[in-house]
S.K.: 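Just dropping this structure here.
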Protein chains: 2
Amino acid sequence: MSIRAAAPTRREQILSEAARLFAARGFHGVGVDEIGAAVGISGPGLYRHFAGKDAMLAELLVGISERLLTGGRHRVAEAAGDPGRVLSSLIDGHVDFALDDQALITLHDRELDRLREADRKLVRQLQRQYVELWVEVVRELHPEVGEAEVRVAVHAVFGLLNSTPHLAALGREATESLLRRLAHGAFGALSA
Amino acid sequence: MSIRAAAPTRREQILSEAARLFAARGFHGVGVDEIGAAVGISGPGLYRHFAGKDAMLAELLVGISERLLTGGRHRVAEAAGDPGRVLSSLIDGHVDFALDDQALITLHDRELDRLREADRKLVRQLQRQYVELWVEVVRELHPEVGEAEVRVAVHAVFGLLNSTPHLAALGREATESLLRRLAHGAFGALSA
DNA sequence: CAGGGCCGTTAGCGGTCGTTAACCTGAGCT
DNA sequence: AGCTCAGGTTAACGACCGCTAACGGCCCTG
């Protein structure tokens, strides 16, 4: 067996290219032929791997939401009992994610409404649980701030961290460090 | 002549409804029939007012960008010489805008690529000038921070302020005040 | 009251898009 | 060697969509 990561399966190739294209031109703006061409097959060939175009988007969005939530839970458990460290870890994780998977971040809040009812509900539920991780730890750090306010602040910081797609070049590490500082600064202003 | 604001023209009605629909379902996801129906006429009737669907989006995006830039310049001139007050004023203005025109804010960074080359260039140029207003004043307040870093921070704070569309209810004034504090907090972390 | 814009209407055209159908091919197993 | 099946191919269908054509009513003006 190889030491290197396994070669991506055809399914994974398709998902990766679809994410890129959806992020660039919007779900409705990309045709199946184009997605097929991006992985070297023709449009209808995709139907050997996915039930339809919708299914690709659904799998992408559910996948992101699950990865975010799982990662978040891991970090919360790891630093449990130290809210400051938990928040830092959540921020670090989200920054990494935003910088590694810009296309997915873009899709995540842009194309949710294109999903079938059932998938949309699932994604929203996962998102809600992820937000809840943040809200809980921020509330521990700022007990005097109301829950609704904290929830808004968390969403706002997501907006800040997810701004990644429109960033000028600055080098990976510098950008990471800057985004972390900005996020901490925003939360710090909660109890000023 | 009436004291009340003039009734919106048909053109303005169309633009307003188109903005709402584009924001909700994406440019490609909305048909002209639907836009027409939203103002009480049928699809092709729109062509008495606009050259095409693209023209509506173009007018919306150029309009937003111009209003942001004009408002920003006004505020810069008004408080010239006091960078702290200028930044606060820019933040206030942007918060008001984001809360008043959520649909436009959404379109502004989501559907830019659907424009014809010429319009897209114009919008980008206006956006760049607006960003520059912010970058200049933030640099005055944090002279030790590099320009690239400041530019990233400004974009990130835009992301924070523009997160408005996914906000839980909290009352207009409370939301305004919170967003302002968060933005100031983020910028404050620039030279920590 | 005649005439001409303004602002609608409906019908329909041309193109695109997601999806299905029918067929093909090469690798692997028996 | 022959069967199976995963994973492609091209052709074509049906729906939809942006837009134009052709037409009509209403209001304002001379």
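All chains are named by letter (A, B, ...) in the order of the sequence lines, taking the proteins before the strands, and each is independently numbered beginning at 1.
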S.K.: Calculate the interatomic distance between A/His49 atom NE2 and D/dG7 atom P; express it in whole Å.
M.R.: 6 Å
S.K.: B/Arg10 side chain N/O closer than 4.0 Å to the phosphate oxygens (OP1, OP2) of C/dG8?
M.R.: yes
S.K.: Output yes when a side-chain donor or acceptor of A/Arg75 lies under 3.5 Å from a complementary backbone atom of A/Leu90, and no otherwise.
M.R.: no
S.K.: For A/Glu173, does the CD atom have more than 12 heavy-atom neighbours from other residues, nucleotides or ligands under 6.0 Å away?
M.R.: no
S.K.: Nearest-Å distance, CZ (B/Arg11) to C1' (C/dC6)?
M.R.: 14 Å
S.K.: Kindly state which residues belonging to residues 14-24 of chain B come within less than 4.0 angstrom of DNA chain C, counting heavy atoms of the residue only, listed by number.
M.R.: none
S.K.: Check this for me: does any side-chain nitrogen of one of B/Asp119 and B/Arg124 sit under 4.0 Å from a carboxylate oxygen of the other?
M.R.: no
S.K.: A/Ile41 has an atom CD1; how far is it from atom P of C/dT19, in whole Å?
M.R.: 14 Å
S.K.: Checking side-chain contact (heavy atoms from CB on, under 4.5 Å) between A/Val150 and each of A/Val137, A/Leu141, A/Val138, which is the one that passes?
M.R.: A/Val138
S.K.: Tell me whether the count of non-hydrogen atoms from other residues, nucleotides or ligands lying under 6.0 Å of CZ in B/Arg172 goes above 12.
M.R.: yes
S.K.: Tell me, for nucleotides 14-29 of chain D in 5' to 3' order, what letter each nucleotide earns: B for a base near a protein heavy atom under 4.0 Å, S for only sugar-phosphate near one, - for neither?
M.R.: ----SBB-BB------
S.K.: Are B/Glu136 and B/Arg139 close enough for a salt bridge, meaning some N to O gap below 4.0 Å?
M.R.: no
S.K.: Test your reading of the model: is there a side-chain donor-acceptor pair from B/Arg181 to the backbone of A/Leu190, 3.5 Å cut-off?
M.R.: yes
S.K.: Side-chain polar contacts of residues 65-74 of chain A - donor-acceptor pairs under 3.5 angstrom, sequence neighbours left out - could you list them?
M.R.:
from: A/Ser65; atom 1: OG; to: A/Leu61; atom 2: O; distance (Å): 2.8
from: A/Arg67; atom 1: NH2; to: A/Asp101; atom 2: OD2; distance (Å): 3.2
from: A/Thr70; atom 1: OG1; to: A/Glu66; atom 2: O; distance (Å): 2.7

